[in-house]
Amino acid sequence: MTLATAAPLPAAVRHDHRRPAPAVEGVCLDVDGTLVDYASSMRAGLRALLGTDDAWADWCAVSERHYPRFTSGQIDFETMRRQRTKEFFAIRGEVLDEGEVVAREQRRMTAVQRAWQLFDDALPCLRSLRARGLALAAVTNAAGEYQRCKLRALGLDAAFDVLVISDEVGVAKPDPGIFHAACTALGVRMARAVHVGDRLDLDAEGARAAGLHGVWLDRTRCGIAGRSPGVPVISQLRELPALVSQLHGGGG
Ligand SMILES: [Mg+2]
């Protein structure tokens with residue numbers, strides 16, 4: 001679904017304080033792989049370079065080495081992208097000079113951005129959470145302007161009360177600081193907040209360690225949930241609103 005077909009999301013519904021407080025008052029959502037079909041867009045980037053995305057697993061392995069160097073602040077986003085592309089091709093036996101690295105990275109990113117799209121269940125989930133009066137935050141490990149551009153392109157720039165981007169707050173998931181920053185900005189206590197994301201370690205377990213309800217979105221149903229007892233698992237975002245209603249608030 002794209003901006004052109006996305007109906008406006010309703011504003012947050014304020015809680016009536018004459019009634020008992022709900023168990024959960026705020027929901028934080030990861031962006032890439034959770035709301036946005038990250039893998040499809042990145043595969044499109046590979047096809048622009050290679051004519052095929054057969055090397056997807058290799059790209060993921062290289063990304064796993066380079067992306068944390070950006071989120072931890074060791075290098076900036078542009079440097080990470082160049083070094084990642086350079087290593088990806090070096091592993092394939094092709095040594096690129098800097099000019100060729102920049103050219104290929106530009107070609108890849110153009111294809112990636114053209115392929116940005118939301119998962120079909122993203123907007124229905126956000127609307128349902130809004131209809132339940134929940135405050136919403138996006139919590140994402142990414143470069144600030146790049147991620148804001150993506151959310152604008154997909155019609156999500158006004159979908160959240162709060163947008164927390166690691167590059168802008170100086171701390172990345174799974175560090176508790178980024179979850180605390182989101183809850184503080186939402187005005188919601190950690191025990192009354194949920195965070196959902198597609199990474200068990202960075203999203204669900206990180207949020208749980210920070211004092212939120214951590215929910216793992218296992219879209220691929222890879223079934224490693226047993227490693228983390230106490231973390232609820234869903235396979236689609238459409239399951240999230242009902243799960244949020246069942247969670248208990250802690251800490252008063
Ligand atoms: Mg993600």
Side-chain angles (χ1 to χ4, degrees), residues 1 27-46 56-57 59-72 77 80-81 84 109 112-113 115-123 125-126 129 136-144 146-151 153-154 156 159-160 162-169 171-179 181-182 193-210 212-225 227-228 231-240 243:
M1 195 171 290
V27 177
C28 306
L29 299 103
D30 169 53
V31 173
D32 292 309
T34 298
L35 298 166
V36 177
D37 188 350
Y38 174 82
S40 289
S41 65
M42 298 301 269
R43 282 176 180 271
L46 279 186
W56 171 239
W59 177 265
C60 290
V62 173
S63 272
E64 279 295 313
R65 287 196 292 277
H66 284 264
Y67 206 79
R69 297 175 63 224
F70 156 64
T71 55
S72 66
F77 188 54
M80 183 278 297
R81 283 171 42 199
R84 178 174 59 183
M109 285 303 296
V112 166
Q113 292 180 18
W116 282 341
Q117 63 179 345
L118 297 174
F119 286 109
D120 287 345
D121 55 7
L123 288 177
C125 174
L126 292 172
L129 295 171
L136 300 180
V139 180
T140 174
N141 286 356
Y146 177 76
Q147 203 69 331
R148 289 176 184 278
C149 174
K150 185 188 299 175
L151 293 174
L154 294 170
L156 290 185
F160 302 99
V162 171
L163 182 53
V164 182
I165 305 176
S166 63
D167 191 32
E168 296 178 344
V169 298
V171 64
K173 296 177 290 186
D175 192 300
I178 194 167
F179 298 108
V194 171
H195 174 81
V196 61
D198 68 307
R199 283 285 299 256
L200 177 60
D201 53 351
L202 303 183
D203 291 304
E205 292 178 339
R208 192 160 192 249
L212 292 77
H213 296 278
V215 176
W216 183 36
L217 174 61
D218 179 18
R219 288 192 182 276
T220 62
R221 304 180 190 211
C222 64
I224 57 172
R227 295 183 196 169
S228 192
V231 171
V233 185
I234 57 176
S235 61
Q236 307 175 65
L237 279 181
R238 66 184 80 252
E239 300 169 44
L240 184 64
L243 174 64

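Just so you know, ligand 1 is whichever comes first in the structure, and atom 1 is the first atom listed for that ligand. Here the structure is a predicted model, which means the values were calculated and not measured.
Classification of the Y146-F77 ring pair by plane angle, with boundaries at 30° and 60°, yields tilted.
Distances from the Mg ion (ligand 1) to each N, O or S atom of D198 single out OD1 as the nearest. If you look at D32 and ask which of its N, O or S atoms sits nearest the Mg ion (ligand 1), the answer is O. Looking only at N/O/S atoms, D30 comes nearest to the Mg ion (ligand 1) through OD2.
Residues passing the side-chain contact (heavy atoms from CB on, under 4.5 Å) test with I178, sequence neighbours excluded: V139, N141, V164, S166, V169, V171, K173.
Using a 4.0 Å cut-off between charged side-chain N and carboxylate O, E64 and R69 make no salt bridge.
Donor-acceptor pairing under 3.5 Å is lacking for the side chains of S235 and R219.
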